[in-house]
There are 2 protein chains.
Amino acid sequence: MTRRAFSRLSQDRRRTDLLEATLACVADLGLDRAGARQIAERAGVSAGLIRHYFPSKDEMVRAAYAYLMGQMTAAAEDSGAGDALSPEAALAEVIAANFAPPSLSGVKVSLWATFVGRVRVDPAYADIHREGYREFLDLLEARIHPVLVAQGCPADPARCKHLAIALNGLIDGLWIEGSLGHGLYDARRLPAIALAAAEGILRLPDTTLTRHLALEDERS
Amino acid sequence: MTRRAFSRLSQDRRRTDLLEATLACVADLGLDRAGARQIAERAGVSAGLIRHYFPSKDEMVRAAYAYLMGQMTAAAEDSGAGDALSPEAALAEVIAANFAPPSLSGVKVSLWATFVGRVRVDPAYADIHREGYREFLDLLEARIHPVLVAQGCPADPARCKHLAIALNGLIDGLWIEGSLGHGLYDARRLPAIALAAAEGILRLPDTTLTRHLALEDERS
DNA sequence: AGATTTGTTTTACATTCGTACAACAGCAGA
DNA sequence: TCTGCTGTTGTACGAATGTAAAACAAATCT
């Protein structure tokens, strides 16, 4: 019996390989079928190695969730951060980014839902979720405020927070259904639907946000 | 070794007992830990009986998802169906019902998320999800149209559909975050936030929907 | 009351799971 | 090239899993 050849990778590289293999397995096998052996195989590694990087398989799955949320919030914070953008264009970009790849993704929403299902069961998941939610809420609030000011709308903190909560709900809900791709409507209409709805929620004049839609398409 | 005493229940009763036990186990153990033995114990029954009612444990879990969605859409269709309600009040009630028990529920959202996580993996889950989503979308569209007409807003089918999609997204997103109870804000403010946002999305005058809020509270 | 049906329990089994641990091998430094 | 370290593999083991099938008993019928 000849032993399998292997190469030693840096700790970080091996770790992220395992985390990404975990996410891949959870996404297309489900949490219950995503066993240690299958994750290891997907990472091109033997099962015993998991315990060399994580205290247990459950801890690895938790770490994978944190890893995923870190990626997603980082992507959200990057969007609309281009300099020389008007407040309106920046807000429109943050919103619209959720309805195009890579954010709009069946894999991502599957993972997100699977992990959210554990929030009530496991406090560690609840912490990760709360953190990600809070960060996105803060980001939205920061992008909403200058728009309201520029448009001469009331922009007190309480109103901004409520609007951010509502806008976040809109984005989350549309993102989920859009990413699942149930085929009940054309997902390419989502950016326009979302921006028009956001204009309404924020009580902005028509086309304040939607006029930045074509720009989005051209740049991609 | 004395055998356990038991009583024979009607087929339907035993079946729903098993389905509800399945949901309970999935909600507070997670899909992977919700084993056949634990579900059976929660239903007050021995594990072997499962196979007398379902071809497999997986089929039982699928049936439990369908059962859950049936309950939820039935509850949604009941809300706002009271006679002699104005179109505006009926729409407000449908929206607000999602932000008070029993709809606003950590258990429900955990189950919902867990099952949505399987939509990509298992076509049966995708079918159930699509059906539930479509029904709620249709319900919203039916409640939106008369309001738009009464308020003299444009109400062509395409616009109604887009508005229903946006409104459904808003409700879904707020329902999820509200039900998870992360404590980032007071969930009791959700009905007001949701109704105000809905007014904006539909381009209705202020208080068209929110003025029905106090009524909601009084009737509970 | 006795016979029949069938819903229910029990036992058994192959499989898979997460994990522990000893043996091995790739790589860095001498 | 040899040595030492440790990342990595392979194997083994107990526990838990889903399922099959036989034994049993509760309700129903006669």
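Proteins come first, then strands; the chains are lettered A, B, ... in the order of their sequence lines, and each starts at number 1.
- Looking at Val45(B) and Asp17(B), their side chains never come closer than 4.5 Å, going by heavy atoms from C-beta outward.
- Between dT9(C) and Arg3(B), no contact under 4.0 Å exists linking OP1 or OP2 to a side-chain N or O.
- Contacts of Ile50(A) with the nucleic acid, taken as non-hydrogen atoms under 4.0 Å apart, are absent.
- Salt bridge Asp58(B)/Arg33(A): present, at least one basic N to carboxylate O contact under 4.0 Å.
- The CG-C1' distance, from Leu49(B) to dT19(D), rounds to 14 Å in whole Å.
- Side-chain contact between Arg15(B) and Tyr67(B) is absent, with no heavy-atom pair separated by less than 4.5 Å.
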Pairs: protein N or O with nucleotides 15-17 of chain C N or O, under 3.5 Å:
| residue | atom | partner | partner atom | Å |
| --- | --- | --- | --- | --- |
| dC17(C) | OP1 | Gln38(A) | NE2 | 2.8 |

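- Going from atom CD of Glu59(A) over to atom P of dG18(C) covers 14 Å, rounded to whole Å.
- Arg8(B) places its CZ atom 9 Å from the C1' atom of dT28(D), with the value rounded to the nearest Å.
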task = Go through the steps to decide whether Asp127(A) and Arg130(A) satisfy the test salt bridge (charged side-chain N to carboxylate O under 4.0 Å, His left out), and finish with yes or no.
result = CA-CA 5 Å; Asp127(A) 291 344; Arg130(A) 183 188 305 112; 3.1 Å; yes
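- When rounded to the nearest whole Å, the span between CZ of Arg4(A) and C1' of dA23(C) equals 16 Å.
- Straight-line distance from the CG atom of Asp17(B) to the P atom of dG7(C): 15 Å, rounded to whole Å.
- If you check dT8(C), dA25(C), dA27(D) against the side chain of Leu9(B), the one that comes closest is dT8(C).
- Phe115(B) is not listed as a side-chain neighbour of Asp122(B), based on a closest heavy-atom distance of 4.5 Å or more.
- Between the CG atom of Asp12(B) and the C1' atom of dG7(C) there is a distance of 15 Å, rounded to whole Å.
- For His52(B) and dG7(C), the shortest distance from a side-chain N or O to OP1 or OP2 is below 4.0 Å.
- Summary of the strand contacts: Gln11(A) and Gly48(B) both lie near DNA chain D, and taking for each the nucleotide with the nearest heavy atom, the more 5' one is attributed to Gln11(A).
- Among the protein residues, Tyr53(A) comes within range of the sugar-phosphate backbone only, with heavy atoms under 4.0 Å from sugar or phosphate atoms but none that close to a base.
- Interatomic distance, Asp172(A) CG to Tyr133(A) OH, rounded to the nearest 0.5 Å: 7.0 Å.
- For Arg51(A) and dA20(C), the shortest distance from a side-chain N or O to OP1 or OP2 is below 4.0 Å.
- Rounded to whole Å, the distance from CZ on Phe54(B) to C1' on dT19(D) is 16 Å.
- When each of Ser7(A) and Ala5(B) is assigned the nucleotide of DNA chain D with its nearest heavy atom, Ser7(A) is the one assigned upstream, toward the 5' end.
- Going from atom CD of Glu41(A) over to atom P of dT9(D) covers 12 Å, rounded to whole Å.
- A sub-4.0 Å separation between OP1 or OP2 of dT8(C) and a side-chain N or O of Arg14(B) is present.
- Under a 4.0 Å N-O distance rule, the pair Asp28(B)/Arg42(B) qualifies as a salt bridge.
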